[in-house]
K.L.:
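Please find one structure pasted underneath; my questions will follow.
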Amino acid sequence: MEAEAARLAEQRLDVLQSRVEADLACGRHAALVPELRQSVREHPLREGLWGQLMLALYRSGRQAEALDAYREVHRLLVGELSIEPSAPLCDLQLRMLRGDPRLDLPEPDPEPEAEAEAETGTGARAGTGNRPERGALPRPDSQPSEGARDQSPLR
């Protein structure tokens with residue numbers, strides 16, 4: 001019975017991280033911050049959650065807080081387990097320090113009607129585009145496209 005409970009708890013965390021990944025891909029980063037802060041408090045050794053928190057903060061224009069989250073998980077892992085954070089987490093921190101534009105979300109693809117209006121100049125948004133402010137929206141990593149999970153900047 002305990003083994004089944006542990007398996008289900010692990011599965012629940014996997015589903016949570018997958019859902020958060022989808023929310024990040026949809027640009028809901030600011031709304032995720034409180035939930036992710038709570039999740040890292042409940043599961044402090046789950047590096048994937050820390051990475052998602054860092055990315056949500058970074059994409060919300062809160063780079064200093066994102067880097068502080070990295071310092072916090074680094075202290076935790078070194079202090080409690082005498083290990084360094086994983087390579088993906090270290091890479092994410094370095095990319096944030098460098099202001100890697102691949103951490104930003106891409107501009108959404110225009111809808112076919114919007115494209116036609118932009119070409120003819122008849123749409124209300126013609127020529128304005130959908131340009132995010134720097135650091136506000138992320139671009140996926142330049143990995144081959146095999147689904148949103150494979151394109152995550154956390155991998």
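Here the structure is a predicted model, which means the values were calculated and not measured.
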K.L.:
So, Glu4 and Arg7, do they make that salt bridge, N to O below 4.0 Å?
P.N.:
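The answer is yes: the pair qualifies as a salt bridge.
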K.L.:
Between Tyr70 and Val78, is there shared hydrophobic-cluster membership here, with clusters defined by ILVMFWY side-chain heavy atoms closer than 4.5 Å?
P.N.:
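Shared cluster, no.
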K.L.:
Taking side-chain contact (heavy atoms from CB on, under 4.5 Å) as the criterion, tell me which of Arg37, Arg59, Gln52, Arg19 meets it with Leu32.
P.N.:
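Exactly one candidate clears the test, Arg19.
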K.L.:
Would you check, one step at a time, whether the test side-chain contact (heavy atoms from CB on, under 4.5 Å) holds for Leu67 with Arg71?
P.N.:
CA-CA 6 Å; Leu67 294 170; Arg71 284 187 292 276; 3.9 Å; yes
K.L.:
Side-chain heavy atoms under 4.5 angstrom apart, residues restricted to Ile, Leu, Val, Met, Phe, Trp, Tyr: same cluster for Val15 and Val20?
P.N.:
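No, Val15 and Val20 fall in different hydrophobic clusters.
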K.L.:
Hey, could you give me the CG/CH2 distance between Leu45 and Trp50, rounded to the nearest 0.5 Å?
P.N.:
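One gets 10.0 Å once the value is rounded to the nearest 0.5 Å.
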K.L.:
Any side-chain to backbone donor/acceptor pair from Glu47 onto Leu89? Under 3.5 Å, distance only.
P.N.:
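Not at all, since once roles are kept as given, no pair shorter than 3.5 Å links the two residues.
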K.L.:
Measure across Pro85 and Cys90 and return the closest heavy-atom pair with its distance rounded to 0.1 Å.
P.N.:
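Distance-wise, the nearest heavy atoms are O-SG, 3.5 Å.
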K.L.:
Give, for atom CG of Leu49 and atom CD of Gln38, the distance between the pair rounded to the nearest 0.5 Å.
P.N.:
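One gets 11.5 Å once the value is rounded to the nearest 0.5 Å.
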K.L.:
Go through the steps for Met54 and Leu57 under the test side-chain contact (heavy atoms from CB on, under 4.5 Å), then give the verdict.
P.N.:
CA-CA 5 Å; Met54 290 168 57; Leu57 288 164; 5.8 Å; no
K.L.:
Please step through side-chain contact (heavy atoms from CB on, under 4.5 Å) for the pair Arg46 and Gln17, ending with a clear verdict.
P.N.:
CA-CA 10 Å; Arg46 192 89 175 200; Gln17 283 186 251; 2.6 Å; yes
K.L.:
Once you round to the nearest 0.5 Å, how far does CG of Asp68 lie from CD of Glu65?
P.N.:
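Reported to 0.5 Å precision, the distance equals 8.0 Å.
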K.L.:
Roughly how far apart are Asp100 CG and Leu94 CG, rounded to 0.5 Å?
P.N.:
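With rounding to 0.5 Å, CG (Asp100) is 10.5 Å from CG (Leu94).
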